[in-house]
Enquirer: 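What follows is a structure written as structure tokens; I'll ask about it next.
Fair warning: this is a prediction, and the values are worked out from it, not measured in the lab. Along the sequence shown, the residues carry numbers beginning at 1.
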Amino acid sequence: MRYIIIGAGAVGGAIGGRLAESDHEVVLVARGAQYEALRERGLRLITPDGPRTHRPTTVDGPQSLGELRADDVLVLAVKTQDSAAALEAWAPAPVAGGGTAAERLPVVCAQNGVESQRLALRRFRHVYGMCVWLPATFVEPGVVSAAGTPLTGILHLGRYPSGTDETARRIAADLEKSRFEAPVVPEVTRWQYAKLLGNLANAIEAVSGVLTSEEGIALYERVRAEGEAVLTAAGIAYAGDEEQKQARADKIRFEPFDGSARGAGSSWQSLHRGTGTIEADYLNGEITLLGRLHGIPTPLNDLLQHLANDFAREHREAGSMPVPELVRLANEAAESAEESQAARP
């Protein structure tokens, strides 16, 4: 199988790099400065077992790759806000022997949240979801770090919306030869929604920095409680804390390369890089969407969604809002929601 990594950033670079190390054929898809760096210097992957440079084929889209192969696997690793454009570009790509990528090839959504696989299923017949537990950082163009050890990550994998098959098992086997654990599960969304609850902290980190204070952690617990209430009202199952702990056990330890503490997550990285976009609409925004569908107020997630988008659009500095100010805004939003609920007939 050949792996076409659509979005060779932190997660895509780490997965693609590890697959390349274990002698799997990999194609990296990137754009802008990342594309230029990968083409000129290759992918430098920094891990606790040392840095390595890989030089897989690098393209900026399907038109640069030509006809796809019947054994290709598309791994969608762009941020969710970029998924629709990527899927639109790759769906009609021709495959050797006839047909298109959308008709014949598997697409694996290796992303936060749950929206991309819905988008993919509108175009692609063979969609797979992946719950990504993978501490990775985009360091600079052409350089990605993945600080997990002894495993680089845990990647639960299954068909979307449900089920397993031989393709999933073959992909998992390749990943497990590449320093990942890749359990094949019939209900991959259970794991994705569990991770979504954790990712609700991403907007807090993006706006106010890494969660270290009691005040910040307490705010996240309130935000998560909204999420849990919404998932319960929607009848959506998710893996519990104990099940997740057992799945992770001591399989991934964070070992920074310079003695520093672990940095913030993907949303903070988006602001820090000044991309102008952020994935809050598909993390906190997923909770606000479900809340509106099922009549559950979600003032805290609504606030965080809008703040994170404002920060991205205005290119405000990541982590620049003091936690007490964010908590004040959260309290005001919660109070306003309670007053609105009380005023309803």
Side-chain angles (χ1 to χ4, degrees), residues 1-20 24-45 53-113 115-130 132 136 138 140-144 160 171 266 269-270 273-279 282:
M1 302 174 88
R2 181 174 69 167
Y3 291 90
I4 300 176
I5 311 296
I6 305 170
V11 168
I15 293 175
R18 283 303 202 191
L19 284 167
H24 292 96
E25 192 173 358
V26 172
V27 175
L28 300 179
V29 184
R31 60 187 181 182
Q34 178 72 341
Y35 169 74
E36 297 297 337
L38 293 172
R39 292 273 290 186
E40 292 175 11
R41 302 185 295 276
L43 170 67
R44 183 172 174 81
L45 178 62
T53 298
H54 306 285
R55 296 185 178 276
T57 299
T58 300
V59 299
D60 59 359
Q63 70 285 346
S64 300
L65 189 58
E67 193 173 57
L68 300 179
R69 298 180 351 198
D71 66 340
D72 281 338
V73 175
L74 307 181
V75 179
L76 188 65
V78 298
K79 294 292 178 60
T80 303
Q81 60 267 30
D82 298 320
S83 289
L87 292 164
E88 181 179 2
W90 285 88
V95 179
T100 64
E103 294 167 333
R104 295 185 56 192
L105 300 184
V107 57
V108 179
C109 297
Q111 300 156 293
N112 287 332
E115 181 63 22
S116 283
Q117 54 212 21
R118 295 176 185 149
L119 294 172
L121 202 59
R122 294 179 186 274
R123 294 179 178 272
F124 285 79
R125 293 180 182 175
H126 309 290
V127 178
Y128 298 79
M130 178 180 283
V132 180
F138 178 94
E140 62 183 49
V143 182
V144 169
Y160 180 77
I171 295 169
S266 57
Q269 292 180 43
S270 292
R273 290 167 56 197
T275 62
T277 65
I278 199 166
E279 58 190 340
Y282 307 101

Enquirer: Output all residues satisfying salt bridge (charged side-chain N to carboxylate O under 4.0 Å, His left out) with D60, sequence neighbours left out; order by chain, then residue number.
Expert: none
Enquirer: So which atom in A10 and which in V144 form the shortest heavy-atom distance, rounded to 0.1 Å?
Expert: O-CG1, 3.4 Å
Enquirer: For the NE2 atom of H54 and the CZ atom of R18, what is their distance to the nearest 0.5 Å?
Expert: 7.5 Å
Enquirer: Quick check: do V95 and L105 have side-chain heavy atoms less than 4.5 Å from each other?
Expert: yes
Enquirer: Which distance, rounded to the nearest 0.5 Å, do you find between the CD of Q111 and the CG of D82?
Expert: 9.5 Å
Enquirer: Could you walk me through whether T80 and E115 pass the side chain to side chain donor-acceptor pair (under 3.5 Å) test, one step at a time?
Expert: CA-CA 7 Å; T80 303; E115 181 63 22; over 6 Å; no
Enquirer: Can you give me the closest heavy-atom contact between L38 and A8, atom names plus distance?
Expert: CD1-CB, 4.0 Å
Enquirer: Closer than 3.5 angstrom, by distance alone: can the side chain of Q34 be matched with the main-chain N or O of G142 as a donor-acceptor pair?
Expert: yes
Enquirer: Going by heavy atoms in the side chains, are Y3 and M1 under 4.5 Å from each other?
Expert: yes
Enquirer: Of all the heavy-atom pairs spanning P92 and A89, show the shortest one and how long it is.
Expert: CD-O, 3.6 Å
Enquirer: If you take all heavy atoms of A77 and G7, which pair is closest and at what distance?
Expert: CB-O, 3.5 Å
Enquirer: I'd like to know if the side chain of R104 reaches the main chain of G98, judged simply by a donor and an acceptor atom lying under 3.5 Å from each other, with no hydrogens or angles considered.
Expert: yes
Enquirer: Just how far is it from atom CG of L76 to atom OG of S116, taken to the nearest 0.5 Å?
Expert: 5.5 Å
Enquirer: Taking only residues two or more places apart in sequence or in another chain, which ones pass salt bridge (charged side-chain N to carboxylate O under 4.0 Å, His left out) with R69?
Expert: E25, D71
Enquirer: Of all heavy-atom pairs between L45 and G13, which one has the smallest distance, and what is that distance?
Expert: CD1-O, 4.5 Å
Enquirer: I would like to know whether V108 and L74 meet side chain to side chain contact (heavy atoms under 4.5 Å, CB included); could you show each step before the answer?
Expert: CA-CA 6 Å; V108 179; L74 307 181; over 6 Å; no
Enquirer: Answer whether the closest heavy-atom distance between the side chains of Y128 and V107 falls below 4.5 Å.
Expert: no
Enquirer: For the atom pair CZ (R118) and OG (S83), what is the distance rounded to the nearest 0.5 Å?
Expert: 12.0 Å
Enquirer: How many angstroms lie between CG in L68 and CZ in R2, if you round to the nearest 0.5 Å?
Expert: 6.5 Å
Enquirer: Checking side chain to side chain donor-acceptor pair (under 3.5 Å) for the pair S270/K79: CA distance, chi angles, key distance, verdict?
Expert: CA-CA 10 Å; S270 292; K79 294 292 178 60; 2.8 Å; yes
Enquirer: Going by the side-chain contact (heavy atoms from CB on, under 4.5 Å) test, name the single residue among V29, V26, L43 that passes it with I5.
Expert: V26
Enquirer: Treating Q269 as the side-chain partner and F138 as the backbone partner, does any N or O pair qualify as donor plus acceptor under 3.5 Å?
Expert: yes
Enquirer: Could you grab the distance from atom CG of L87 to atom CZ of F124, nearest 0.5 Å is fine?
Expert: 5.5 Å
Enquirer: Any side-chain heavy-atom pair from I171 and V73 closer than 4.5 angstrom?
Expert: yes
Enquirer: Hey, are the side chains of E279 and N112 touching, using non-hydrogen atoms and a 4.5 Å cut-off?
Expert: yes
